[in-house]
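Quantities reported herein were computed from a predicted structural model and do not represent experimental measurements. Each ligand, and each atom within it, is numbered from 1 in the order the structure gives.
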Amino acid sequence: MAARGLGLLTSLPLRARRSQVQRPLCRLLSCPGTVAAALGREEQSSGSAETGSENRTPKKRFSEVQKERREQAQRTVLIHCPNKLSEKKFLKYLSQHGSINNHFFYESFGLYAVVEFSQKESVASLQNVTRTPSLGTEAAIPFRSRYFNLKLKTPLNQTSEQPSIQCRTQSSPSSRKLFELLCCAESVDDQLDTLLRELQLTEEDTKLRYLTCSLIEDVAAAYFPDCTVRPFGSSVNSFGKLGCDLDMFLDLDEIEKFSTHKASGNFLMEFQVKNVPSERIATQKILSVVGECLDHFGPGCVGVQKILNARCPLVRFSHQASGFQCDLTTNNRIALKSSELLYMYGALDSRVRALVFSIRCWARAHSLTSSIPGAWITNFSLTMMVIFFLQRRSPPILPTLDYLKTLADAEDKCIIEGHNCTFVRDFNRIKPSGNAETLELLLKEFFEYFGNFAFNKNSINIRQGREQNKPESSPLHIQNPFETSLNISKNVSQSQLQKFVDLARESAWILHQEDKDRLSPSNNRPWGLAALLLPSVANSMSLAKKKKKPASERIKNLLESIKSSSTENSTATNG
Ligand code: GTP
Ligand code: MG
């Protein structure tokens, strides 16, 4: 996978920023896998949807966005289409059921259309003229979903002159394209913005995520009518990268809201229910039946696994039509609130998302994060580290969570399972930061800050925005912002933390070195962010000189010597 992507880099011309020389990016050939791994993708056709690729900084309240998107998804259908199709006739056919607000096509092992009607009734009208297929030797389990299969009674002639259907790309650009874009950028700031623009979720991808949740809700409603399935995590917190998983929350509390709990006179009615010994067992039982339901009746749901003994029980499956890897949980309301908090932080300053995307991408490129659970740092933890770092700037770029709490009003009050999750949700009440530091500086300072952070004694805490003594001995301690006695990075091992520190130091060193090179424009290697996504020098140095000082120590010393030499205005550095 990686080799294919990188092989193409042989002929990639690099427009060097500092020198005007054009040379192939030969160095990339000697770094198998790095960027392709970062993107987790094969070489794919690139291009992003018109409506979603611009650097959008959301300003609407999280709850407003969720409500709007959810309502939109309920009026939307997903249709598997034949490859040869007349778009005009297709839309005319569907318009019989009501006017269409919006539609787009995408490819994922076949051609799919996402069609949003203006009215919910149009969906019912379409369902009423839809039949359950007769499959010959196999038998169909009837299910009236909003996921359809369109067949043509008379297939279109292969040679017929139909304008081809424009598909929206749901995948991130290839590693080659991304490197090309990064190397051609004007500045490191421009590189960070480019990365964000290329990797962020498009409008179409976001619509498809809400639609998938809505389709799963239809299945879960077979057991729990009036339940709600909400997306959370990176699909909605504004830090999602194309191809990220789809975290779903099965919300059963909504059901409660329908009953008015009216006690009339001396009478109070309660439902007869089955009792189980704990909340956790109730969660496991609910997810178990929903998992069965998805497995047996959920159109397009494949590879259903019930992971019920995890700390947070979940049902994992692939939604074939959208291509999303889905994790369905319930009784996980705090995670939804965390998504809202991250969404707020992402919207407060345009530098936040650009920095988080770059750090996440950098971590993936160096295998600091992984899609497999283990002793690695997670994207969630990395995002917390960036937020914390931005709170520590002078003046701060982001406010602390405690400060956001002081700005809250009665409507913002939120207590979940005894935890105070209150913070202001109106952006207008938060003053913009007076800090004007560039992304380039912030990137460099991030690596330096965490390359020298006293992880052995200090904890990271976005609630107070300052280091605190670690309350326990885990190598990395990042306080859970709402369940403050918990550490969200308890799983991280000492060796993984050390790898993070080594790479942070090395990256700071690379960026400082580049600053120095600016005075002598002699090299035309990948620069800035592109250089940081290449394999670690520290790894190869530490292999070659294992018996000497640890690589990270040497890099730290080098970094210090570069810094002191630049302060003394000297060009002689022992790099
Ligand atoms: P991706 O890697 O892009 O999927 O990022 P993500 O933010 O979606 O992370 P993930 O899918 O691992 O988790 C989904 C959400 O669950 C996160 O955004 C958090 O809100 C929450 N979450 C994840 N890990 C933890 C944890 O260790 N503790 C707590 N309290 N919440 C967590
Ligand atoms: Mg996720």
- Message: Counting only heavy atoms from other residues, nucleotides and ligands, does the tally under 6.0 Å from OH of Tyr449 exceed 12?
- Response: yes
- Task: If the plane angle is over 60° it's perpendicular, under 30° parallel, otherwise tilted; pick one for Phe500 and Phe446.
- Result: perpendicular
- Task: State plainly whether the residues Glu483 and Arg333 are in salt-bridge range, i.e. N to O under 4.0 Å.
- Result: no
Identify all side-chain donor-acceptor contacts of residues 299-310 below 3.5 Å with residues at least two apart in sequence or on another chain.
{"from": "Lys306", "atom 1": "NZ", "to": "Ser288", "atom 2": "OG", "distance (Å)": "3.2"}
{"from": "Lys306", "atom 1": "NZ", "to": "Glu292", "atom 2": "OE2", "distance (Å)": "2.7"}

- Message: Working to the nearest 0.5 angstrom, can you tell me the gap between Ser433 OG and Leu348 CG?
- Response: 10.0 Å
- Message: If I only include protein atoms of type N, O or S, how many are less than 2.8 Å from the Mg ion (ligand 2)?
- Response: 2
- Could you tell me whether Arg425 sits above the aromatic face of Phe62, with NZ or CZ closer than 6.0 angstrom to the six-membered ring centre and within 45 degrees of the axis? no
- Message: Can you work out which protein residues put a heavy atom within less than 4.0 Å of ligand 1?
- Response: Phe232, Gly233, Ser234, Asn237, Cys244, Asp245, Asp247, Arg311, Ala335, Ser338, Arg360, Asn379, Phe380, Asn480, Ile488
- Query: Taking the inter-plane angle between the rings of Phe447 and Trp362 on a 0 to 90° scale, is it parallel (under 30°), tilted (30 to 60°) or perpendicular (over 60°)?
  - Reply: tilted
Show me the donor-acceptor pairs, under 3.5 Å and distance only, between side chains in residues 375-390 and residues at least two apart or in other chains.
{"from": "Trp376", "atom 1": "NE1", "to": "Ile372", "atom 2": "O", "distance (Å)": "2.6"}
{"from": "Thr378", "atom 1": "OG1", "to": "Ser381", "atom 2": "N", "distance (Å)": "3.1"}
{"from": "Thr378", "atom 1": "OG1", "to": "Ser381", "atom 2": "OG", "distance (Å)": "3.2"}
{"from": "Thr383", "atom 1": "OG1", "to": "Arg360", "atom 2": "NE", "distance (Å)": "3.3"}
{"from": "Thr383", "atom 1": "OG1", "to": "Arg360", "atom 2": "NH2", "distance (Å)": "3.0"}
{"from": "Thr383", "atom 1": "OG1", "to": "Asn379", "atom 2": "O", "distance (Å)": "2.7"}

- Message: Taking the basic N atoms (NZ, or NE/NH1/NH2) and the acidic carboxylate oxygens, is any pair closer than 4.0 Å for Lys67 and Glu71?
- Response: no
